[in-house]
Amino acid sequence: MPLGVIPAGTSNGMAKSLLDSVGESCTAFNATLAIIRGHTRSLDVATVSQGQERFFSVLMLAWGLVADIDIESEKYRWMGSARMDFYAIQRIFCLRRYHGCIKFLAAPGYENFGEPLELEGEINELNSNRVQQNCYCGPAFDMKGFNRKIEGPFVSIWLHNVPWGGEDVLAAPDAKFSDGYLDLVVMKDCSKLSLLALMSELNKGGHVRSPHVLYLKVKAFVLEPGPRSDDSNKEGIIDVDGEVLARGRGTYKSEQRTLMAYDKLHIEVDQGLATVFSPVS
């Protein structure tokens, strides 16, 4: 069954990506017209797994700076969309870095990013815990083939399925709707002034050309989040499609229960699993 997307939120990254692909402005009218016309296109779906828990994502996953801005700026929702810019400035001048590690299966042509990965005992660690359920649980996860890793500390980790993260945030300029890959944006370190200049390039995707950013495509991904480098008693937030998937110690509203723990997550892509209404077929 095709899904229709109408921009009615704060960021509207999916609607913007669909409409911008044919040069149309991101409005409810244009999105509704696209649904009425009935053209469809395939869309990749990422499965985020932790133990027996599953979460299906079609937009993005963020940890670090981007997640902190997206979620913690909720306290300024009365400001409207300006809350993002306002809180981004706060976070840049009080910059956090997070310990952790990412491991991934790089797409062809991106095998030189990061360091070689020795799998050791990690093969099939997730599938050993799978149980049969009467629903779709995502692709069988297998770390065989994982070839690269990057160690922290990190300023930001950002996985994207479509080009736009918001109506004015071209997060992953090379992302495709159904290429079977996620676009990974990694920032390990950056001065505050350089970061401020980099963030000003988000509206046209220029941030991916910064020497402080690694931009590549991955087929599968493991996130091992850790504490903040300045305070080991405080951890971070994992944000998936604009919702909090996991919160660590000392985070905004950390007392609230989340679907998953602030611990290792596995992400794998199902190519073209979903179908969405699109301005063109």
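Being a predicted model, the structure only gives us computed values, none of them experimental.
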Taking all atoms of both residues into account, what is the closest heavy-atom pair of Arg83 and Asp70, and its distance? NH1-O, 3.5 Å
Do Leu223 and Phe104 have side chains that get closer than 4.5 Å, going by heavy atoms? no
According to ring-ring contact (aromatic ring centres under 6.0 Å, His included), who are the partners of Phe29, at least two apart in sequence or on a separate chain? none
Less than 4.5 Å apart, side chain to side chain, heavy atoms only: is that true for Glu24 and Asn30? yes
Mark yes when over 12 heavy atoms from residues, nucleotides or ligands other than Lys188 sit less than 6.0 Å from its NZ; otherwise mark no. yes
Does Lys219 pair with Glu111 as a salt bridge, N-O distance under 4.0 Å? no
Minimal heavy-atom distance between Gly236 and Thr251, with the atoms involved, is O-CG2, 3.3 Å
Close side-chain approach of Met260 to Leu265, heavy-atom, < 4.5 Å: yes
Parallel, tilted or perpendicular: which describes the rings of Tyr110 and Phe113, with under 30° parallel and over 60° perpendicular? tilted
Compare all side-chain heavy atoms of Ile238 with those of Leu61 and state whether any distance is below 4.5 angstrom. yes
Is the shortest heavy-atom distance from the side chain of Tyr215 to the side chain of Pro173 under 4.5 Å? yes
Connected to Trp164, directly or through other members, by ILVMFWY side-chain contacts below 4.5 Å are Leu170
Parallel, tilted or perpendicular: which one describes the rings of Tyr76 and Phe86, with boundaries at 30° and 60°? perpendicular
Partner set under ring-ring contact (aromatic ring centres under 6.0 Å, His included) for His160, not counting sequence neighbours: Trp158
Pairs under 3.5 angstrom only: tabulate donor-acceptor contacts from the side chains of residues 190-199 to other protein residues two or more places apart or in another chain.
| unit_1 | atom_1 | unit_2 | atom_2 | d |
| --- | --- | --- | --- | --- |
| Ser191 | OG | Ser194 | N | 3.2 |
| Ser191 | OG | Ser194 | OG | 2.8 |
| Lys192 | NZ | Phe93 | O | 3.0 |

Start with the C-alpha gap between Tyr98 and Asp230, add the side-chain angles, then the distance that decides, and say whether side-chain hydrogen bond (donor to acceptor under 3.5 Å, both in side chains) holds. CA-CA 8 Å; Tyr98 292 90; Asp230 63 331; over 6 Å; no
Flag the pair Glu255 and Lys253 as a salt bridge only when some basic side-chain nitrogen lies within less than 4.0 angstrom of an acidic carboxylate oxygen. no
Tabulate below the donor-acceptor pairs under 3.5 Å that side-chain atoms of residues 267-274 make, not counting sequence neighbours, or state none.
| unit_1 | atom_1 | unit_2 | atom_2 | d |
| --- | --- | --- | --- | --- |
| Asp270 | OD1 | Tyr136 | OH | 3.4 |
| Asp270 | OD2 | Tyr136 | OH | 2.1 |
| Gln271 | NE2 | Ser178 | O | 3.0 |

Derivation and outcome, salt bridge (Lys or Arg N to Asp or Glu O under 4.0 Å), residues Lys75 and Glu72: CA-CA 6 Å; Lys75 65 186 78 171; Glu72 293 179 356; 5.4 Å; no
Run the salt bridge (Lys or Arg N to Asp or Glu O under 4.0 Å) check on Asp179 and Lys217 step by step: do they pass? CA-CA 10 Å; Asp179 62 355; Lys217 289 181 179 286; 3.2 Å; yes
Within a strict 4.5 Å, meaning less than it, do heavy atoms of the Val58 and Leu43 side chains meet? yes
Not counting sequence neighbours, list each pair that qualifies as a side-chain hydrogen bond (donor to acceptor under 3.5 Å, both in side chains) and has a residue in residues 58-67. Trp63-Tyr262
Taking the side chain as every heavy atom from C-beta outward, state whether Leu18 and Val276 have any atom pair closer than 4.5 Å. yes
Output yes when a side-chain donor or acceptor of Asn161 lies under 3.5 Å from a complementary backbone atom of Leu182, and no otherwise. no
Taking Glu224 first and then Lys264, would you say they form a salt bridge - that is, a charged N and a carboxylate O separated by under 4.0 Å? yes
